[in-house]
Structure formats: structure tokens, C-alpha cells
Undergrad: 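Once you've had a glance at the structure underneath, I'll fire off some questions.
Everything numeric in this text was worked out from a predicted model, so none of it was measured.
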Amino acid sequence: VLHAGGGQRHSTKEILPDGTVARRVIETSCDFNAECIHKQGEDTLGDGFVEIECKGLLCTCTLSPLVPKAADTIFSFTTEEPCSLDNAAQMLQKHCMLGMEFASSKKRPLPEKSE
């Protein structure tokens, strides 16, 4: 389930030599997250959360597995185009979730607990 996201764009207005006004983007930032749960209320192997946060062209993905509980995996990358509220969900799927097995349609059993 793709959840919520946000975005900000800071810009300035600049008067060009010909007298026209141009808007120049100084900084952009955005974030988006997804809850990857096979079935609400039932622990399923591979359940977890995924989040992307970008500032300018630098983005960071955080993968937080819930079942089995494990340390977060965090990695960063640069993009050619700034993140915005319009493309944040797409960037999350393309860069952070690619190849993941969260919330697959096939239920996978939990590993047996060892004592």
C-alpha cells in the first residue's frame, strides 16, 4: 500500500536583462513511504516498510523489515531529475522497491523458532 508523501520546492524570482521575470528553483525535497504488508493483522515473511527521502538530487531509501524483524537497510543514490510530489511514489517503486519480495501474492510461512 503506497501511503503518503510530501514535497517542497524553494525558488526565487529573478529579473532578466530584458525585464522579464523568471523563476529559478533553488532546492527541492520530497518523501514518500509504503507499507508492504501481505495481510493486515497477520505476520507474513517479508512484511515491512519502505521510505524514500530526497533533497535536491540526492535520495535515500530505507527498508525496514518487520517479519522477521531486522536492522534497517539504508542506501543512497543520485537522480538526474529532482524529486517532486508528482514523481515521489514512482521513484520509491523504481529505486527502492525494485527486486523486493515484500507483500507478494503468495503467502510464505514464517521460519521456525529455534530455542
Side-chain angles (χ1 to χ4, degrees):
V1 174
L2 293 176
H3 270 290
Q8 294 183 344
R9 181 177 295 199
H10 301 285
S11 61
T12 61
K13 291 182 181 177
E14 183 178 336
I15 299 175
L16 301 176
D18 66 1
T20 59
V21 177
R23 185 176 294 266
R24 193 168 58 102
V25 175
I26 297 174
E27 182 182 303
T28 61
S29 65
C30 73
D31 61 88
F32 209 86
N33 64 67
E35 182 179 303
C36 304
I37 306 292
H38 181 71
K39 185 175 180 182
Q40 286 294 87
E42 185 177 304
D43 289 344
T44 304
L45 187 62
D47 286 355
F49 298 104
V50 183
E51 179 179 18
I52 188 170
E53 290 185 71
C54 299
K55 289 188 177 163
L57 300 177
L58 179 63
C59 297
T60 301
C61 295
T62 303
L63 316 176
S64 303
L66 295 174
V67 181
K69 187 68 179 152
D72 290 353
T73 299
I74 301 170
F75 60 92
S76 297
F77 62 94
T78 56
T79 65
E80 293 180 15
E81 118 182 34
C83 181
S84 68
L85 188 54
D86 295 332
N87 69 4
Q90 201 172 31
M91 290 179 71
L92 175 84
Q93 291 173 327
K94 180 180 177 184
H95 296 285
C96 301
M97 297 175 73
L98 186 64
M100 296 177 71
E101 293 184 30
F102 280 149
S104 70
S105 59
K106 182 178 177 185
K107 182 173 168 61
R108 292 171 282 166
L110 291 172
E112 303 239 352
K113 291 183 181 178
S114 57
E115 294 185 62

Undergrad: Show the nearest heavy-atom pair for residues V67 and T44, with the distance to one decimal.
TA: CB-O, 3.4 Å
Undergrad: Only pairs under 3.5 Å count here: list side-chain donor-acceptor contacts from residues 49-57, not counting sequence neighbours, and write none if there are none.
TA:
none

Undergrad: Check whether D18 reaches the backbone of T20 with its side chain - one donor and one acceptor, N or O, closer than 3.5 Å.
TA: yes
Undergrad: When clusters are formed by joining ILVMFWY residues with side-chain heavy atoms under 4.5 Å apart, either directly or through shared neighbours, do I74 and L92 land in the same one?
TA: no
Undergrad: Roughly how far apart are D47 CG and E35 CD, rounded to 0.5 Å?
TA: 8.5 Å
Undergrad: Answer yes or no for C96 and C61: SG-SG distance under 2.5 Å.
TA: yes
Undergrad: Rounded to the nearest 0.5 Å, what separation is found between the CE atom of M97 and the CG atom of L63?
TA: 9.0 Å
Undergrad: Applying ring-ring contact (aromatic ring centres under 6.0 Å, His included), name anything that partners F77, two or more places apart in sequence or on another chain.
TA: H95
Undergrad: According to salt bridge (charged side-chain N to carboxylate O under 4.0 Å, His left out), who are the partners of K69, at least two apart in sequence or on a separate chain?
TA: none
Undergrad: Quick one: list whatever passes side-chain contact (heavy atoms from CB on, under 4.5 Å) with E80, sequence neighbours left out.
TA: none
Undergrad: Check side-chain contact (heavy atoms from CB on, under 4.5 Å) between T78 and all other residues, then give those that pass, not counting sequence neighbours.
TA: L58
Undergrad: Closest approach of A71 and P65, non-hydrogen atoms and distance?
TA: O-CD, 3.8 Å
Undergrad: With sequence neighbours left out, what residues match T60 under side chain to side chain donor-acceptor pair (under 3.5 Å)?
TA: S76
Undergrad: Is V21 isolated, or which residues cluster with it under the ILVMFWY side-chain rule of less than 4.5 Å, directly or via members?
TA: I15
Undergrad: Which heavy atom of C30 sits nearest to which heavy atom of S84, and what is that distance?
TA: SG-N, 4.0 Å
Undergrad: Mind checking side chain to side chain donor-acceptor pair (under 3.5 Å) for E81 and listing every partner two or more places apart, or none if nothing turns up?
TA: N87
Undergrad: In Å, rounded to the nearest 0.5 Å, how long is the span from CD of Q93 to CD of Q90?
TA: 7.5 Å
